Peer 1: 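Let me begin by handing over the structure; questions about it come next.
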Amino acid sequence: MADPAELDELLTHHRQAGHERLNADDVARFQSAARLLPPVPATVLDVGCGVGVLSDWLTGRGYAVTGVDTDESLMERMEAPHRVASIDALPFEDRSFDAVVASEVLEHLPVEVFERSRGEMARVARAAIVVTVPNAESLESASTRCPACGCTYSIHGHVRRFDEAILRDLLPGWRLAELEQVGPWKARHRSLEWVVRRRLLGRWPAQAGAICPQCQYRQPGAASSVTGGGGTLSRAARLVASAPWRERWWLSARYER
């Protein structure tokens with residue numbers, strides 16, 4: 001359905017700076033979300049669309065997509081229709097869209113926004129809701145400490161963790177119809193290692209490109225991919241390390257009424 005070069009071209013069109021390249025694992029997540037949508041020409045609301053890569057990619061495949069985000073500047077180069085709106089107060093009538101998609105959005109939401117967003121997605125969707133989230137993420141493992149002000153924060157801006165049990169009861173009045181793991185295999189993080197290294201020794205690993213939410217200090221270097229290096233050796237190492245756990249990086253879920 002897509003390849004990294006195709007989506008990279010879209011990403012470059014939307015925003016030149018501040019983004020890493022999309023790799024094959026990121027593309028697999030896009031493909032999984034698209035596979036779970038109703039068939040073309042369904043109407044789709046892409047909540048938290050950001051710069052609009054997913055919205056425009058789906059539009060190019062025949063979907064009637066509307067994107068929403070709270071930051072108008074992010075969406076200025078989108079080709080799909082879009083408007084400024086928050087996921088917890090969607091300006092649409094009940095059952096306005098065949099499907100709602102929230103790709104890598106829910107893990108960023110504060111408590112109050114998250115609670116309202118569940119009802120709003122359920123309200124405006126007619127047939128399906130598609131959600132992708134990090135799979136059983138260790139929030140501590142993806143955190144760093146700012147060398148400038150000492151603030152500890154998630155490098156991805158994540159504030160909540162999802163797993164299969166949480167997703168089963170995510171949306172009021174909707175049932176989980178399909179759930180799959182997507183992306184590369186990962187090793188389960190060892191809590192003892194984090195306790196010793198970070199809490200006792202105070203040695204927090206540097207995270208290139210991470211921006212502190214408190215003082216805005218940016219750690220030196222270019223931001224790296226969520227899934228790490230994409231070379232054959234690094235993939236093989238991750239597979240061997242994670243084989244006993246059989247967990248992939250993302251969960252992709254489809255809900256129906």
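The shown structure was predicted, so the numbers you read here are calculated from the model rather than taken from an experiment.
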Peer 1: Counting C-beta onward and ignoring hydrogens, is there a side-chain heavy-atom pair between Cys151 and Cys215 closer than 4.5 Å?
Peer 2: no

Peer 1: I need the minimum non-hydrogen distance between Ala33 and Thr132, along with the two atoms involved.
Peer 2: CB-CG2, 4.2 Å

Peer 1: Say whether Phe97 and Tyr255 are linked into one hydrophobic cluster, either directly or through other cluster members, by side-chain heavy-atom distances under 4.5 angstrom.
Peer 2: yes

Peer 1: Determine yes or no for a side-chain-to-main-chain donor-acceptor pair under 3.5 angstrom, with Arg248 supplying the side chain and Gly183 the backbone.
Peer 2: yes

Peer 1: Could you walk me through whether Gln219 and Thr144 pass side chain to side chain donor-acceptor pair (under 3.5 Å), step by step?
Peer 2: CA-CA 10 Å; Gln219 296 193 27; Thr144 188; 3.2 Å; yes

Peer 1: Taking the side chain as every heavy atom from C-beta outward, state whether Phe162 and Arg160 have any atom pair closer than 4.5 Å.
Peer 2: yes

Peer 1: Show me, pair by pair, the donor-acceptor contacts under 3.5 angstrom made by side chains of residues 105-114, not counting sequence neighbours?
Peer 2:
| unit_1 | atom_1 | unit_2 | atom_2 | d |
| --- | --- | --- | --- | --- |
| His108 | ND1 | His156 | O | 3.4 |
| His108 | ND1 | Gly157 | O | 3.2 |

Peer 1: By side chain to side chain donor-acceptor pair (under 3.5 Å), which residues pair with Arg203, not counting sequence neighbours?
Peer 2: none

Peer 1: Look up atom OH in Tyr217 and atom SG in Cys212, then write down how far apart they are to the nearest 0.5 Å.
Peer 2: 10.5 Å

Peer 1: Please find the pair of heavy atoms, one from Pro91 and one from Ala85, that lie closest to each other, and give the distance.
Peer 2: CD-CB, 3.5 Å

Peer 1: Heavy-atom distance under 4.5 Å between the side chains of Val182 and Leu251, does that happen here?
Peer 2: no

Peer 1: Establish whether Leu36 and Leu45 are linked, either directly or via other cluster members, by ILVMFWY side-chain heavy-atom contacts under 4.5 Å.
Peer 2: no

Peer 1: I would like to know whether Val68 and His82 meet side-chain contact (heavy atoms from CB on, under 4.5 Å); could you show each step before the answer?
Peer 2: CA-CA 6 Å; Val68 296; His82 52 274; over 6 Å; no

Peer 1: For the CD atom on Glu72, are there more than 12 heavy atoms of other groups (residues, nucleotides or ligands in this structure) within a distance under 6.0 Å?
Peer 2: no

Peer 1: How about Asp46 and Thr66: do any of their side-chain heavy atoms sit closer than 4.5 Å?
Peer 2: no

Peer 1: Main chain of Pro38, side chain of Tyr63: is a donor-acceptor contact present, judged purely on distance under 3.5 Å?
Peer 2: yes

Peer 1: Let's go through Val53 and Phe30 carefully: what are the C-alpha distance in whole Å and the side-chain angles of both, what is the deciding distance for side-chain contact (heavy atoms from CB on, under 4.5 Å) to 0.1 Å, and is it a yes or a no?
Peer 2: CA-CA 10 Å; Val53 176; Phe30 275 72; 4.0 Å; yes

Peer 1: Show the nearest heavy-atom pair for residues Asp56 and Ala80, with the distance to one decimal.
Peer 2: OD1-N, 2.8 Å

Peer 1: Using the rule given for side-chain contact (heavy atoms from CB on, under 4.5 Å), can you reason through Met75 versus Cys49, listing the C-alpha separation, both sets of side-chain angles and the distance that settles it, and then say yes or no?
Peer 2: CA-CA 8 Å; Met75 302 182 287; Cys49 64; 3.6 Å; yes

Peer 1: For the pair Leu90 and Val47, evaluate side-chain contact (heavy atoms from CB on, under 4.5 Å) and give the outcome as yes or no after the intermediate values.
Peer 2: CA-CA 9 Å; Leu90 297 171; Val47 294; 4.1 Å; yes

Peer 1: Which atom pair, heavy atoms only, marks the closest approach of Pro134 to His158?
Peer 2: CG-CE1, 3.7 Å

Peer 1: Give the intermediate values and the outcome of salt bridge (Lys or Arg N to Asp or Glu O under 4.0 Å) for residues Arg254 and Glu256.
Peer 2: CA-CA 7 Å; Arg254 171 190 170 97; Glu256 298 176 353; 2.9 Å; yes

Peer 1: Look only at the side chain of Arg29 and the backbone of Ser252, and say whether a donor-acceptor pair between them is shorter than 3.5 Å.
Peer 2: no

Peer 1: Linking I/L/V/M/F/W/Y whenever any side-chain heavy atoms sit under 4.5 Å apart, do Trp174 and Leu37 land together?
Peer 2: no

Peer 1: Salt bridge check: are Glu178 and Arg35 linked by an N-O gap of less than 4.0 Å?
Peer 2: yes

Peer 1: Testing the basics here: between Met78 and Ser55, what is the closest heavy-atom pair and its distance to 0.1 Å?
Peer 2: CE-CB, 3.6 Å

Peer 1: Would you say Trp185 and Val133 are hydrophobically clustered, going by side-chain heavy atoms of ILVMFWY under 4.5 Å?
Peer 2: no

Peer 1: When rounded to the nearest 0.5 angstrom, what is the spacing between CH2 in Trp250 and OG in Ser103?
Peer 2: 9.5 Å

Peer 1: Taking all atoms of both residues into account, what is the closest heavy-atom pair of Arg218 and Ile211, and its distance?
Peer 2: NH1-CD1, 3.3 Å

Peer 1: State, with a plain yes or no, whether a side-chain heavy atom of Val131 is found less than 4.5 Å away from one of Val101.
Peer 2: no

Peer 1: Verify the distance criterion only: is there a donor paired with an acceptor across the side chains of Glu79 and Thr59 at less than 3.5 Å?
Peer 2: no

Peer 1: Sequence neighbours left out, what pairs pass side chain to side chain donor-acceptor pair (under 3.5 Å) with at least one residue falling in residues 120-130?
Peer 2: Asp94-Arg123, Asp98-Arg126, Glu120-Arg123

Peer 1: Do Leu176 and Ile129 share a hydrophobic cluster, counting only Ile, Leu, Val, Met, Phe, Trp and Tyr and linking them when any side-chain heavy atoms are less than 4.5 Å apart?
Peer 2: yes

Peer 1: Got a second to check how far Thr152's OG1 is from Arg145's CZ, nearest 0.5 Å?
Peer 2: 4.0 Å

